[in-house]
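First listed ligand is number 1; within each ligand, the first listed atom is number 1. Bear in mind the structure is a predicted one, so any value in this text is a computation, not a measurement.
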Amino acid sequence: MNVLEIDGLTVRLEGSVGARPVLSDVSLHVAGGEVVGLVGESGSGKSVTCRTALGAVPRGASVDGAVRTVGEDVFGLPARELRRLRSEKVGFVPQDPRAAVNPLYRVGDYVIEALRAAGVPKAEAPDRATALLESVGIPEPRRALRRWPHEFSGGMLQRVVIAAALAGSPRLLVADEPTTALDVTIQAEVLSLLLDITAERGAGLLLVTHDLELAAAVCDRAYVMYAGRIVESEPAASLFASPKHPYTAGLLRATPSLTGPVERLTAVPGRPLGLDEVLPGCSFAPRCAHARPVCDDGPPPLLEDGAGAVACVRAGELAPELRRRAHEEQAV
Ligand SMILES: Nc1ncnc2c1ncn2[C@@H]1O[C@H](COP(=O)(O)OP(=O)(O)OP(=O)(O)O)[C@@H](O)[C@H]1O
Ligand SMILES: [Mg+2]
């Protein structure tokens with residue numbers, strides 16, 4: 001069963017008449033037990049997509065399309081039901097734990113508040129909070145309840161935030177760049193914790209990351225986003241072996257490899273499209289070495305292609321070249 005289904009979602013910000021929407025016709029899904037990556041440059045719309053899974057859109061935004069989270073139509077739910085869905089069925093892990101936790105409250109208060117919101121009786125909450133902190137690897141969990149956020153390292157605080165995200169019985173975890181604020185060794189620990197939890201509970205995980213290599217390593221499937229659109233979706237393994245969209249291929253060339261020499265990295269040329277810029281055709285065309293006049297004829301539809309989908313009118317003719325270059329990169 002899908003624990004997240006986003007179908008044809010377009011989100012346009014208030015006052016941005018004429019400008020491009022923040023999200024355009026985004027469709028994606030996450031099944032129970034599945035780890036799904038959402039990859040793209042800064043500003044491509046990843047966080048807005050994540051928040052729609054919780055039924056939240058920027059204030060005043062107009063919304064088209066549907067989002068079903070754990071079977072519920074989030075835009076049609078009364079506020080109380082939506083709060084219940086968020087606290088009981090969905091776990092949200094934000095990018096920066098320090099921004100998520102109130103520094104004026106003890107760590108225990110943060111976790112207990114999440115438990116209370118998920119319907120745990122007051123008398124049981126401290127024991128449950130202790131057990132949750134223990135389950136995410138916090139040492140001396142009972143004492144940790146009385147400590148302050150500033151006494152925790154970034155990695156430990158991210159574990160606290162993950163514990164709070166597990167306060168209900170989440171069927172869906174949404175992790176918005178959960179390890180970006182952490183140093184590399186801690187990143188790996190926090191990530192494997194998230195993956196273990198997902199596997200143990202049979203939950204689905206939507207994992208947002210800038211890091212294509214990480215997505216390919218830990219995800220079952222991944223979506224690549226550019227300027228508010230999904231431009232490619234693939235089983236994670238074939239993202240590296242045979243990228244189908246020139247943007248994905250560009251991201252791969254910009255991804256540092258643990259084995260390749262550093263000077264082989266090539267940034268994707270140009271800069272991401274601003275929200276106030278509207279192009280007649282493909283948003284990536286101005287940065288794409290393969291662009292032709294046909295690319296300006298209209299936004300390219302996302303078409304099924306093998307086990308994935310790609311939004312590039314030249315995808316078919318470019319496939320052999322993109323695949324060959326990906327193999328050359330991997331071979332180094
Ligand atoms: N509440 C808001 N009001 C106005 N603009 C917004 C709001 N939320 C997002 N945006 C704009 O929508 C676009 C997409 O933002 P989003 O935060 O989803 O990007 P992202 O892919 O998560 O980027 P990053 O990798 O930097 O986190 C950006 O141009 C951003 O400035
Ligand atoms: Mg973001």
**Q** Any idea which protein heavy atom is nearest atom 23 (O) of ligand 1, and the distance to it?
**A** Gly43 N, 2.7 Å
**Q** I'd like to know if Val74 and Phe92 are part of one continuous hydrophobic network [Ile/Leu/Val/Met/Phe/Trp/Tyr, side-chain heavy atoms within less than 4.5 Å].
**A** yes
**Q** When only distance counts, is Pro58 in polar contact with ligand 1, meaning an N/O pair under 3.5 Å?
**A** no
**Q** For the pair Val57 and Arg51, evaluate side chain to side chain contact (heavy atoms under 4.5 Å, CB included) and give the outcome as yes or no after the intermediate values.
**A** CA-CA 7 Å; Val57 288; Arg51 287 197 289 270; over 6 Å; no
**Q** Is there a nitrogen or oxygen of Gly40 sitting under 3.5 Å from a nitrogen or oxygen of ligand 1?
**A** no
**Q** Near Leu275, which atoms of ligand 1 are under 4.0 Å from a heavy atom of that residue?
**A** 11 (C), 12 (O), 29 (O)
**Q** Backbone N or O of Ile197 within a donor-acceptor pair of the Glu200 side chain at under 3.5 Å?
**A** no
**Q** Should you measure from each heavy atom of Val22, which atoms of ligand 1 turn up under 4.0 Å away?
**A** 12 (O), 13 (C), 14 (C)
**Q** Considering only the protein, which heavy-atom contact is closest to atom 10 (N) of ligand 1, and what is its distance?
**A** Leu13 CD1, 4.3 Å
**Q** Return yes if a side-chain donor-acceptor contact under 3.5 Å exists between Glu232 and Tyr247, otherwise no.
**A** no
**Q** Assess the residue pair Glu234 and Lys244 against the criterion (salt bridge (charged side-chain N to carboxylate O under 4.0 Å, His left out)); give the C-alpha distance rounded to whole Å, side-chain angles, the decisive distance to 0.1 Å, and a yes or no.
**A** CA-CA 9 Å; Glu234 285 295 325; Lys244 295 194 176 86; 2.8 Å; yes
**Q** Cation-pi check for Phe152 against Arg147: NZ or CZ below 6.0 Å from the six-membered ring centre and within 45 degrees of the axis, yes or no?
**A** yes
**Q** Any chance you could lay out the side chain to side chain contact (heavy atoms under 4.5 Å, CB included) test for Val67 and Asp73, step after step, and finish with the verdict?
**A** CA-CA 6 Å; Val67 177; Asp73 164 16; over 6 Å; no
**Q** Which atoms of the protein, restricted to N, O or S, are nearer than 2.8 Å to the Mg ion (ligand 2)?
**A** Ser47 OG
**Q** Are there protein heavy-atom neighbours of atom 30 (C) of ligand 1 below 4.0 Å?
**A** no
**Q** What is the nearest protein non-hydrogen atom to atom 25 (O) of ligand 1, stated with its residue, atom name and distance?
**A** Lys46 NZ, 2.8 Å
**Q** Return the set of residues passing side chain to side chain donor-acceptor pair (under 3.5 Å) with Arg221 (not counting sequence neighbours), or none when no residue passes.
**A** His29, Glu34, Tyr223
**Q** From atom 12 (O) of ligand 1, is the closest protein heavy-atom distance below 4.0 Å?
**A** yes
**Q** Could an N or O of ligand 1 be found under 3.5 Å from any N or O of Ser42, whether backbone or side chain?
**A** yes
**Q** Tell me the protein heavy atom at minimum distance from atom 15 (O) of ligand 1, and give that distance in Å.
**A** Val48 CG2, 4.0 Å
**Q** Determine whether the side chains of His210 and Glu41 contain a donor N or O and an acceptor N or O closer than 3.5 Å.
**A** no
**Q** Would you say that more than 12 heavy atoms from the other residues, nucleotides or ligands in this model lie under 6.0 Å from the CD of Glu113, or not?
**A** no
**Q** Evaluate the criterion side chain to side chain contact (heavy atoms under 4.5 Å, CB included) for residue pair Arg59 and Glu14; output intermediate values, then yes/no.
**A** CA-CA 8 Å; Arg59 192 179 297 275; Glu14 189 183 26; 5.8 Å; no
**Q** Using the rule given for salt bridge (charged side-chain N to carboxylate O under 4.0 Å, His left out), can you reason through Arg159 versus Glu189, listing the C-alpha separation, both sets of side-chain angles and the distance that settles it, and then say yes or no?
**A** CA-CA 10 Å; Arg159 285 170 190 264; Glu189 280 176 31; 3.0 Å; yes
**Q** Counting only heavy atoms closer than 4.0 Å, does ligand 1 sit against the backbone of Glu177, its side chain, both, or neither?
**A** side chain
**Q** Between His210, Arg51, Glu41, flag the one that comes closest to atom 8 (N) of ligand 1 by a heavy atom.
**A** Arg51
**Q** Take Asp109 and Arg116 through the salt bridge (charged side-chain N to carboxylate O under 4.0 Å, His left out) test and state the conclusion after the steps.
**A** CA-CA 10 Å; Asp109 297 333; Arg116 298 283 292 129; over 6 Å; no
**Q** In ligand 1, which numbered atoms sit nearer than 4.0 Å to a non-hydrogen atom of Ser44?
**A** 19 (O), 21 (O)
**Q** Checking a contact table here: which protein heavy atom is nearest atom 17 (O) of ligand 1, and how many Å away?
**A** Ser47 CB, 3.6 Å
